[in-house]
Visitor: 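Sharing a structure with you now.
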Amino acid sequence: AESDIINHIQSAKDADGIIINPAAYTHTSVAIRDAIDAIQAPVVEVHLSNVHARESFRHTSLTAPVCQGQILGLGWRGYLLALDYFIHASQ
């Protein structure tokens, strides 16, 4: 549920980093975007598929502009790349 995602973001506000896949909320949720924008923790957005190779309404992410970065189209390996980013960003 959207409210659960927002609660998790807010509870992790002091984390070293957050990896998020907002799924369909990427294109529709101003509330999730605002929750990300309101915290200090850096956030990397991950999508399993290349959203730009899908329907045109999926090409716009409301959340990406308030994230540190976005990884898409690399399947589950995108999560590993996001984790690797946070490991090396702190060095």
Side-chain angles (χ1 to χ4, degrees):
E2 184 179 34
S3 61
D4 291 337
I5 295 169
I6 292 164
N7 288 337
H8 282 292
I9 292 167
Q10 291 171 339
S11 69
K13 66 181 181 213
D14 297 320
D16 292 332
I18 297 171
I19 300 169
I20 187 171
N21 181 342
Y25 290 125
T26 302
H27 323 289
T28 61
S29 181
V30 173
I32 291 174
R33 182 213 181 278
D34 289 347
I36 293 169
D37 194 35
I39 63 170
Q40 295 297 314
V43 178
V44 172
E45 181 179 308
V46 175
H47 297 281
L48 299 177
S49 66
N50 178 355
V51 296
H52 300 290
R54 299 180 65 188
E55 303 89 348
S56 61
F57 70 87
R58 297 184 193 278
H59 298 180
T60 301
S61 170
L62 298 180
T63 51
V66 294
C67 290
Q68 187 74 29
Q70 184 184 53
I71 301 169
L72 48 93
L74 302 177
W76 60 267
R77 288 175 179 84
Y79 294 106
L80 297 179
L81 291 170
L83 183 59
D84 188 63
Y85 167 77
F86 284 121
I87 290 168
H88 291 94
S90 64
Q91 294 179 350

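Just so you know, these numbers come straight off a predicted model, no measurement behind them.
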Visitor: Spell out, yes or no, whether Tyr85 and Leu83 are grouped together once hydrophobic residues are joined by side-chain heavy atoms under 4.5 Å, including indirect joins.
Guide: yes

Visitor: Same cluster or not: are Val66 and Tyr25 linked, directly or through other Ile, Leu, Val, Met, Phe, Trp or Tyr residues, by side-chain heavy atoms under 4.5 angstrom apart?
Guide: yes

Visitor: Are Val46 and Ile87 joined in one hydrophobic group, where the rule is that I, L, V, M, F, W and Y side chains link up if heavy atoms are under 4.5 Å apart?
Guide: yes

Visitor: Dump the intermediate steps for side-chain contact (heavy atoms from CB on, under 4.5 Å) on Tyr79 and Asn21, then the final yes or no.
Guide: CA-CA 9 Å; Tyr79 294 106; Asn21 181 342; 3.0 Å; yes

Visitor: Test Val44 against Ile71 for side-chain contact (heavy atoms from CB on, under 4.5 Å), laying out the working first.
Guide: CA-CA 8 Å; Val44 172; Ile71 301 169; 4.1 Å; yes

Visitor: Can you list the steps and then say if Leu62 with His27 is a side-chain contact (heavy atoms from CB on, under 4.5 Å)?
Guide: CA-CA 6 Å; Leu62 298 180; His27 323 289; 5.9 Å; no

Visitor: Please tell me whether Phe86 and Leu81 are part of a single hydrophobic cluster in this structure, the criterion being side-chain heavy atoms less than 4.5 Å apart.
Guide: yes

Visitor: Closest heavy-atom contact between Ala35 and Ile6?
Guide: CB-CG2, 4.0 Å

Visitor: Heavy atoms only: give me the nearest His59-Arg54 pair and the separation to one decimal.
Guide: NE2-O, 3.1 Å

Visitor: More than 12 heavy atoms of other residues, nucleotides or ligands under 6.0 Å from CD of Gln40: is that the case?
Guide: no

Visitor: Can you measure from CD (Glu45) to CZ (Arg33) and round to the nearest 0.5 angstrom?
Guide: 11.5 Å

Visitor: Please table the atom pairs, donor to acceptor, closer than 3.5 Å between any side-chain atom in residues 10-20 and protein atoms at least two apart or in another chain.
Guide:
| unit_1 | atom_1 | unit_2 | atom_2 | d |
| --- | --- | --- | --- | --- |
| Ser11 | OG | Asn7 | O | 3.3 |
| Ser11 | OG | His8 | O | 3.0 |

Visitor: Between Ile36 and Cys67, is there a side-chain heavy-atom distance shorter than 4.5 Å?
Guide: yes

Visitor: Please check this pair: side chain of Ser29 against backbone of Thr26, looking for a donor-acceptor N/O pair closer than 3.5 Å.
Guide: no

